[in-house]
Amino acid sequence: MSVKAQRSSFNLDGKDGRLVCQEFTTWGMRNPDSATAVAAIQALTKVIERSKAQTLMELQEDLKAAMESLKSMDENSITLAAGCELFSRYVTRTSLDIPDFDTCKKRLISRGKVFAENSIQSRTRISKFGDRFIQDNARILIHGRSRVVAQLLNHAHQKHKKFSVYISEGRPKNHGYLMAEELKEMGIYCTLILDSAVAATMDDIDMVLVGAEAVVENGGIINTVGTYQMAMVASLLNKPVYVAAESYKFSRLFPLSQKDIKQRNHVEKPPILSCIIKLREIDPDRSPDKKDSKTISNLSSNSKSKASLINESEQQGIQVHHSTVYRFGNLNSFCNFR
């Protein structure tokens, strides 16, 4: 007996492919504070609404094709890929829990719509949860441009906590300058330092606070270039490093070295360099985990690997909300499980 392969009704190179990319871009424009992963899930939810699939297998094929269209917009976007993977795993899990196709489809559409609202609220929960780590008169060094870090600092500022913020330049995109402007509008004044002055400044600070593009399975993080060396200097001088990251940034990547991370080739060569000189482009970079991994979480008070926490978050489902703290060596992360 031959089994016919399920074919997707999604036209990857035609109207369907262009439409899902357009919806992804439109959502991002209408919600500038929304994360890339959230925009991807919203676009995929629209795909489910329009899908003419009659079975779960056909629906999964449509979603798989739509994800390929989204990933083709930015092949090096870790956050975009993580959002697609998260939704794909949720679809698979829901299809196993709810075998009836129509009921499953309605559940997926409902959860997809709620996801955006919950993701925005997750930053608020992270801010409330991470506020305890910012003490009065703390001197905080931040790197890169992170919405969740900005909201966390603003939350502490609104509670009338007094602290000083130092920001590295964040070249080549000058994220430090942009972050300083955002914090200034919140009433938080900062001191901008050279990227090359991070080590010299480390003695004068109490903690490092950064965001993340992804939290990977081996416990490390992927973030804008310069995070790794900042964490290394902080570790050498026994300064705590905190990473604020939403749960949808937990990725099933397992990079063993910098070479395992896709690079964004956007660095422009300064005019002072001769055309003979080659400029090495690295962005983002990888900050690895430490062997003495420890976890402080409301899910469990025991030590766990980052991979087991990712698996546990998936079992909870994207509708569950938890706040948690991870401590791995001198790197810490507080995030919101959803």
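In what follows, every heavy atom counts, from backbone to side chain, and hydrogens, waters and symmetry copies are set aside.
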State, yes or no, whether a side-chain contact exists between [X] and [Y] at a heavy-atom distance under 4.5 Å.
| X | Y | value |
| --- | --- | --- |
| P240 | V208 | no |
| L59 | F101 | yes |
| V216 | I222 | yes |
| V149 | V210 | no |
| E246 | R123 | yes |
| T201 | D203 | no |
| H155 | Q158 | no |
| L63 | S88 | no |

Is it true that [X] and [Y] make a salt bridge, defined as a side-chain N closer than 4.0 Å to a carboxylate O?
| X | Y | answer |
| --- | --- | --- |
| R145 | E182 | yes |
| K184 | E181 | no |
| D131 | K159 | yes |
| D206 | R139 | yes |
| E23 | K46 | no |
| E85 | R252 | no |

Does [X] reach the main-chain N or O of [Y] with its side chain, forming a donor-acceptor pair under 3.5 Å?
| X | Y | result |
| --- | --- | --- |
| D136 | K162 | yes |
| Q54 | K52 | yes |
| D100 | T103 | yes |
| Q151 | R147 | no |
| K239 | I205 | yes |
| S77 | D74 | no |
| N223 | A214 | no |
| T79 | E213 | yes |
| H157 | F163 | no |
| T45 | I41 | yes |

List the atom of [X], the atom of [Y], and the distance in Å for their closest heavy-atom pair.
| X | Y | result |
| --- | --- | --- |
| T94 | C104 | CG2-SG, 3.8 Å |
| S168 | M230 | OG-CE, 3.9 Å |
| L141 | I167 | CD1-N, 4.4 Å |
| L70 | C84 | CD1-SG, 4.2 Å |
| C190 | A180 | SG-CA, 4.4 Å |
| G211 | V243 | O-CG1, 3.8 Å |

Original post:
Between T25 and Q22, does a side chain to side chain contact (heavy atoms under 4.5 Å, CB included) hold up when you go through it step by step?
Top reply: CA-CA 5 Å; T25 304; Q22 181 182 352; 5.8 Å; no

Original post:
In terms of ring plane angle, is the pair Y90 and F87 parallel, tilted or perpendicular, where the classes change at 30° and 60°?
Top reply: tilted

**OP:** Could you give me the CA-CA distance, side-chain angles and deciding distance for V91 and Q60, then say whether side chain to side chain contact (heavy atoms under 4.5 Å, CB included) is met?
**Re:** CA-CA 8 Å; V91 169; Q60 289 178 332; 4.1 Å; yes

Using the rule that two of Ile, Leu, Val, Met, Phe, Trp, Tyr join whenever any of their side-chain heavy atoms come within less than 4.5 Å, decide whether [X] and [Y] are in one cluster.
| X | Y | answer |
| --- | --- | --- |
| L56 | I98 | no |
| L192 | L194 | no |
| V165 | L178 | no |
| L153 | M186 | yes |
| I109 | W27 | yes |

**OP:** Would you please test R89 and L86 for side chain to side chain contact (heavy atoms under 4.5 Å, CB included) and show each step?
**Re:** CA-CA 5 Å; R89 292 194 298 270; L86 173 65; 4.2 Å; yes

What distance do [X] atom [atom1] and [Y] atom [atom2] have between them, rounded to the nearest 0.5 Å?
| X | Y | atom1 | atom2 | result |
| --- | --- | --- | --- | --- |
| E169 | D195 | CD | CG | 5.0 Å |
| Q42 | R30 | CD | CZ | 11.5 Å |
| T36 | M73 | OG1 | CE | 10.0 Å |
| I140 | Q135 | CD1 | CD | 10.0 Å |
| D204 | Y166 | CG | OH | 6.0 Å |
| L108 | L44 | CG | CG | 11.0 Å |

**OP:** Please report the C-alpha distance between F24 and L80 in whole Å, then the side-chain angles of each, then the deciding distance to 0.1 Å, and finally whether the side chain to side chain contact (heavy atoms under 4.5 Å, CB included) criterion is met.
**Re:** CA-CA 10 Å; F24 170 79; L80 176 58; 3.8 Å; yes

Original post:
How about S34 and N31: does a side-chain donor come under 3.5 Å of a side-chain acceptor?
Top reply: no

Original post:
Picking from T124, I142, L209, what satisfies side chain to side chain contact (heavy atoms under 4.5 Å, CB included) with L152?
Top reply: L209

